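Working notes, structure below.
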Amino acid sequence: MFESLTPAPPDPILGLTEAFNKDANPNKVNLGQGVYKDAQGNTPVLRSVKAAEARMVADEETKDYLNIAGLAAYGSLVQELIFGAENAIVQEARAVTAQTPGGTGALRVAADFIAKTKPGAQVWVSDPTWPNHPSVFKAAGLEVKSYPYFDAATNGVAFDAMLAALRAIPEGDVLLLHGCCHNPTGVDLDASQWQAIVEVVRARKLLPLIDFAYQGFATGLREDAEGVNIVAAGVPELLVASSYSKNFGLYSERVGALTLVAGSTDAAQAALSHIKTVIRSNYSNPPQHGAAIVARVLADPALRAQWEQEVAEMRDRINTMRHLFVETLNEKGVDRDFSFIARQRGMFSFSGLSPEQIKALRDRHAVYAVGSGRFSVAGMTEHNMDYLCSAIADVLNG
Ligand code: LMR
């Protein structure tokens with residue numbers, strides 16, 4: 001049976017990491033996968049995470065299965081982190097949270113839940129979006145459509161075109177939005193734009209699904225939740241897919257969450273029962289370790305303060321790299337205007353480089369980036385910046 005199989009194409013992002021790892025060039029630079037690098041080019045375990053893990057090893061008494069929806073304490077803490085503890089949604093128990101294997105796991109559980117409970121609903125994603133979004137929804141049998149988002153002329157949001165397209169979405173469809181740090185463009189909506197989207201969501205009776213993978217990487221933990229909270233305050237129902245890969249540096253632990261907001265506690269609980277059937281037939285129940293770390297850090301005031309400081313350090317460092325990148329390109333005599341990169345947010349920016357230029361960067365200089373031209377700014381360091389910018393100057397100059 002397997003003799004007839006031809007190889008599937010490599011994943012546009014994770015396949016790059018595989019190729020990068022095999023590359024023998026000592027100067028190689030990985031701007032592909034969104035992974036934070038410190039000044040030494042390492043992806044460190046956060047100090048708050050190490051401390052929580054040490055306590056967990058000492059305290060742990062069992063590795064019995066978790067519930068289908070995961071650790072209860074984790075679910076409450078996730079809701080507080082998204083909405084704030086005082087939020088009516090939390091106070092009135094109108095939200096339910098399932099712990100999931102990473103943000104991708106949350107998206108897939110959401111996709112299966114939508115396919116089961118809203119058959120025929122289409123999922124609308126931004127153009128461009130994270131390349132795995134369409135794959136996840138299609139794998140669940142859902143149809144995926146796109147709405148305009150990025151304006152290459154201004155390196156900003158094509159908001160008028162976006163809003164016009166949203167107004168034409170059929171009633172009852174699902175609208176996928178990026179909570180902050182839009183992947184791949186680094187261009188976010190402002191508060192008034194979020195508000196305008198809420199009006200369309202209400203008018204068209206859409207179900208918003210917010211992918212919230214970078215909380216804390218734009219401006220701050222609370223500030224970055226502004227868009228999610230504008231939506232949460234303005235619509236009756238909402239799904240949020242959270243990831244703690246980036247802001248806790250827990251990439252390999254696969255820790256995320258799917259949070260559903262409903263009009264009442266009963267409706268939320270009924271929805272959760274369906275989410276649980278989806279999980280049970282998929283991976284049965286989630287792994288404990290990553291979520292237990294997150295719960296411990298969030299619940300302990302000292303660890304939490306340390307973690308918030310570490311998130312700020314990562315955010316500040318990425319922003320420093322954004323500015324250094326623009327300055328170094330100028331020093332290399334690149335006349336093309338890259339100043340927009342310093343204004344964008346989160347791990348990614350759209351460089352505007354063509355697929356041919358991205359290929360030349362890789363072939364000639366072992367600089368790896370996604371073919372769309374997305375750069376993971378988080379992969380830049382003081383150490384690789386000079387080499388990187390010389391490579392870009394070389395490619396741009398022919
Ligand atoms: C990315 O977009 O690079 C990250 O979200 C990692 C991934 O899984 O693709």
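Order of appearance sets the numbers: ligands from 1, and atoms from 1 within every ligand. All values derive from a computational prediction rather than experimental measurement.
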**Message:** Please report the interatomic distance OH(Tyr368) to CG(Asp23), rounded to the nearest 0.5 Å.
**Reply:** 3.5 Å
**Prompt:** Can Leu166 be reached from Val123 by stepping across I, L, V, M, F, W or Y side chains whose heavy atoms are under 4.5 Å apart?
**Reply:** no
**Asked** So, is Arg374 polar-close to ligand 1, with some N/O to N/O distance under 3.5 Å?
**Response** yes
**Item:** Best match, Ala213, Ser376, Gly34, Pro131: closest heavy atom to atom 3 (O) of ligand 1
**Value:** Gly34
**Asked** Could you give the distance from CZ (Phe325) to OG (Ser351), rounded to the nearest 0.5 Å?
**Response** 7.5 Å
**Message:** Heavy-atom count check: over 12 atoms from other residues, nucleotides or ligands less than 6.0 Å from Glu18 CD?
**Reply:** no
**Message:** As an exercise, identify every atom of ligand 1 less than 4.0 angstrom from a heavy atom of Ile13.
**Reply:** 2 (O), 3 (O), 9 (O)
**Prompt:** What atoms of ligand 1 come within less than 4.0 Å of a heavy atom belonging to Gln33?
**Reply:** 3 (O), 6 (C)
**Message:** Taking 4.0 angstrom as the limit and counting only heavy atoms of Lys246, give me the atoms of ligand 1 inside it, by number and element.
**Reply:** 4 (C), 5 (O), 6 (C)
**Prompt:** Considering only heavy atoms of Tyr214, which atoms of ligand 1 have at least one such atom less than 4.0 Å away?
**Reply:** 5 (O)
**Item:** Side chain, backbone, both or neither: the part of Asn183 lying under 4.0 Å from ligand 1 by heavy atom
**Value:** side chain
**Prompt:** Which ligand 1 atoms does Phe348 reach within 4.0 Å, using its non-hydrogen atoms?
**Reply:** 1 (C), 2 (O), 3 (O)
**Request:** Could you check whether the rings of His178 and Tyr149 sit parallel, tilted or perpendicular, using 30° and 60° as the cut-offs?
**Result:** parallel
**Prompt:** Using the ring of each side chain (for Trp, its six-membered ring), is Trp307 parallel, tilted or perpendicular to Phe248, with breaks at 30° and 60°?
**Reply:** parallel
**Request:** Identify the protein heavy atom lying closest to atom 8 (O) of ligand 1, giving its residue, its atom name and the separation to 0.1 Å.
**Result:** Trp130 CZ2, 3.6 Å
**Request:** Kindly work out whether a path of hydrophobic side-chain contacts (I/L/V/M/F/W/Y, heavy atoms less than 4.5 Å apart) joins Leu175 to Val136.
**Result:** no
